[in-house]
Trainee: 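To start, I am sharing the structure in question, which I have written as structure tokens.
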Amino acid sequence: MMSIAVDALGQKIIDRYQKGFPLSATPFKDIADELGVLEQDVIDCVSSLQQTDVVSRVGPVFNHKKAGDSTLAAISVPEELLSEVAEMVNQFDEVNHNYAREHKYNLWFVVTATDQQHLKKTLQAIENKTGYPILNLPMEQAYHIDLGFKLNWS
């Protein structure tokens, strides 16, 4: 197992802003002001956390049903073509992430679009590009999963 050291500023940013990231035109300045450091220190720290994969994403989580439409989708791909097909799927702006699974349907991804019609067109375009039929699994019921984690830095 690889271990990556996170400095005190990184720890503070992660502890304080897993939730409640400032919604302003200058979020890193807001964080800097709260933590008593320079804005550039915050930007450099967050960039470093992302480059070392300590932080995979800085961005909003919103109710996609209010902003448009989305679905979970899957494709069954020959194992030797999985990376190649994943790259094809990632080329669509509407795909916000994908991942491999050990299952008949081994490439899973989430597609978000402005509306149902756009979503259907995107799924069809992905099928056309990859050459594989898509298993479309639209959400039937929303569940809120709190993804904030209390971390032990010792």
Side-chain angles (χ1 to χ4, degrees), residues 2 4 6 9-10 12-34 39-149 151:
M2 188 172 87
I4 298 172
V6 176
L9 180 57
K12 288 178 184 176
I13 291 170
I14 291 170
D15 285 342
R16 170 66 181 87
Y17 297 103
Q18 289 184 53
K19 301 177 194 173
F21 196 84
L23 297 176
S24 78
T26 57
F28 296 112
K29 178 158 183 359
D30 297 352
I31 293 170
D33 290 348
E34 184 175 323
E39 180 181 22
Q40 190 61 49
D41 293 340
V42 173
I43 293 170
D44 292 344
C45 184
V46 171
S47 177
S48 175
L49 292 169
Q50 288 182 298
Q51 289 172 0
T52 56
D53 291 331
V54 172
V55 171
S56 61
R57 178 178 174 272
V58 175
V61 175
F62 55 92
N63 184 338
H64 53 82
K65 285 290 185 187
K66 290 186 177 180
D69 206 352
S70 72
T71 193
L72 176 64
I75 299 176
S76 180
V77 181
E79 193 66 32
E80 65 274 13
L81 298 176
L82 189 60
S83 292
E84 180 182 330
V85 174
E87 287 299 319
M88 288 183 210
V89 170
N90 280 341
Q91 292 174 1
F92 289 83
D93 290 339
E94 295 85 352
V95 173
N96 51 31
H97 67 277
N98 72 40
Y99 50 96
R101 288 187 120 178
E102 293 179 9
H103 186 269
K104 173 186 173 192
Y105 289 96
N106 54 353
L107 179 61
W108 291 68
F109 49 97
V110 174
V111 180
T112 303
T114 54
D115 55 36
Q116 181 66 28
Q117 184 179 8
H118 185 174
L119 183 66
K120 285 181 180 178
K121 284 183 178 179
T122 302
L123 292 173
Q124 186 61 56
I126 293 170
E127 276 191 357
N128 293 343
K129 185 167 186 95
T130 64
Y132 295 100
I134 291 177
L135 175 65
N136 182 9
L137 301 165
M139 179 173 65
E140 293 183 359
Q141 182 174 348
Y143 296 93
H144 176 75
I145 300 171
D146 184 353
L147 294 177
F149 299 99
L151 300 173

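In this text, all values refer to a predicted model and were calculated from it rather than measured experimentally.
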Trainee: How far does CG of Asn96 sit from OG1 of Thr112, to the nearest 0.5 angstrom?
Mentor: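 Between Asn96 CG and Thr112 OG1, I get 4.5 Å after rounding to 0.5 Å.
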Trainee: Heavy atoms, side chains only, cut-off 4.5 Å: are Ile75 and Val89 in contact?
Mentor: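 SC-SC contact between Ile75 and Val89 confirmed.
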Trainee: Can you list the residues that meet the side chain to side chain donor-acceptor pair (under 3.5 Å) rule with Ser24, with sequence neighbours excluded?
Mentor: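 Result, side chain to side chain donor-acceptor pair (under 3.5 Å) vs Ser24: Asp30.
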Trainee: Check side chain to side chain donor-acceptor pair (under 3.5 Å) between Ser48 and all other residues, then give those that pass, not counting sequence neighbours.
Mentor: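 In terms of side chain to side chain donor-acceptor pair (under 3.5 Å), with neighbours along the sequence ignored, Ser48 is linked to no residue.
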Trainee: Got a sec, which residues hit salt bridge (Lys or Arg N to Asp or Glu O under 4.0 Å) with Lys29, two or more places apart in sequence or on another chain?
Mentor: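 Asp33.
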Trainee: Show the nearest heavy-atom pair for residues Gly10 and Leu49, with the distance to one decimal.
Mentor: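 Scanning both residues completely, I find the closest heavy atoms to be CA-CD1, 4.1 Å.
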Trainee: Taking only residues two or more places apart in sequence, or in another chain, which ones meet Phe109 in a ring pair (Phe, Tyr, Trp, His ring centres under 6.0 Å)?
Mentor: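 Testing Phe109 for ring pair (Phe, Tyr, Trp, His ring centres under 6.0 Å), a comparison that skips the adjacent residues, returns none.
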Trainee: Sequence neighbours left out, what passes side-chain contact (heavy atoms from CB on, under 4.5 Å) with Gln51? Give chain and number order.
Mentor: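 By the side-chain contact (heavy atoms from CB on, under 4.5 Å) rule, Gln51 matches Ser47.
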Trainee: To check you understand the geometry: which heavy-atom pair defines the closest contact between Pro22 and Pro27, and what is its length?
Mentor: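 In this case the closest contact between Pro22 and Pro27 is O-CB, 3.5 Å.
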Trainee: Find out whether Val55 and Val46 are in side-chain contact, i.e. whether some heavy atom of one side chain is under 4.5 Å from a heavy atom of the other.
Mentor: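 No, side chains not in contact.
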Trainee: Can you give me the closest heavy-atom contact between Ile13 and Cys45, atom names plus distance?
Mentor: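 Heavy atoms of Ile13 and Cys45 come nearest at CD1-SG, 3.9 Å.
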Trainee: According to ring pair (Phe, Tyr, Trp, His ring centres under 6.0 Å), who are the partners of Tyr17, at least two apart in sequence or on a separate chain?
Mentor: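 Ring pair (Phe, Tyr, Trp, His ring centres under 6.0 Å) check on Tyr17 returns nothing, list empty.
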Trainee: Do any pairs count as a salt bridge (Lys or Arg N to Asp or Glu O under 4.0 Å) and have a residue in residues 18-27, sequence neighbours left out, and if so which ones?
Mentor: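 Counting only pairs at least two positions apart or across chains, the salt bridge (Lys or Arg N to Asp or Glu O under 4.0 Å) contacts touching residues 18-27 are Lys19-Asp146.
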Trainee: Restricting to pairs with a member in residues 65-89, which pass ring pair (Phe, Tyr, Trp, His ring centres under 6.0 Å), not counting sequence neighbours?
Mentor: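 Sorted result for residues 65-89: empty, none.
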Trainee: In Å and rounded to the nearest 0.5 Å, what is the CD to CE distance from Gln141 to Met139?
Mentor: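 Between atom CD of Gln141 and atom CE of Met139 there are 9.0 Å.
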Trainee: Treating Gln18 as the side-chain partner and Phe149 as the backbone partner, does any N or O pair qualify as donor plus acceptor under 3.5 Å?
Mentor: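 Yes; judged by distance alone, with no hydrogens or angles, the pair exists.
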Trainee: Please list all pairs meeting salt bridge (Lys or Arg N to Asp or Glu O under 4.0 Å) that have one or both residues in residues 84-112, counting only residues at least two apart or in different chains.
Mentor: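 Pairs touching residues 84-112 that pass the test: none.
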Trainee: Counting only pairs under 3.5 Å, give me each side-chain donor-acceptor contact of residues 123-131, with atom names and distances, residues two or more places apart or in other chains.
Mentor:
from   : atom 1 : to     : atom 2 : distance (Å)
Gln124 : NE2    : Asn128 : OD1    : 2.9
Glu127 : OE2    : Ile134 : N      : 2.7
Asn128 : ND2    : Gln124 : O      : 3.4
Lys129 : NZ     : Gln91  : OE1    : 3.1
Thr130 : OG1    : Ile126 : O      : 2.9
Thr130 : OG1    : Tyr132 : N      : 3.2

Trainee: Which heavy atom in Leu82 sits nearest to a heavy atom in Ala100, and how many Å separate them?
Mentor: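 Closest approach of Leu82 to Ala100, heavy atoms only: CD2-CB, 3.7 Å.
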Trainee: Looking at CD1 of Ile31 and NZ of Lys12, how far apart are the two atoms once the value is rounded to the nearest 0.5 Å?
Mentor: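 Answer for the CD1-NZ pair, Ile31 versus Lys12, is 13.0 Å.
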Trainee: Any chance you could measure Leu81, atom CG, to Met88, atom CE, to the nearest 0.5 Å?
Mentor: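 So the gap between those two atoms works out to 8.0 Å.
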Trainee: Looking at every non-hydrogen atom in both residues, tell me the closest pair between Ser76 and Tyr105 and how far apart they are.
Mentor: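 Heavy atoms only, the tightest pair is N-CD2, 3.6 Å.
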Trainee: For Asp41, enumerate each residue passing the side chain to side chain donor-acceptor pair (under 3.5 Å) test, keeping only those at least two apart in sequence or located in another chain.
Mentor: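 If we apply the side chain to side chain donor-acceptor pair (under 3.5 Å) test to Asp41, skipping adjacent residues, there are no hits.
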Trainee: Would you please name every residue forming a ring pair (Phe, Tyr, Trp, His ring centres under 6.0 Å) with His97, sequence neighbours left out?
Mentor: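 In terms of ring pair (Phe, Tyr, Trp, His ring centres under 6.0 Å), with neighbours along the sequence ignored, His97 is linked to Tyr99.
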Trainee: Given Val111 and Phe92, is the side-chain contact (heavy atoms from CB on, under 4.5 Å) satisfied, shown in steps?
Mentor: CA-CA 9 Å; Val111 180; Phe92 289 83; over 6 Å; no
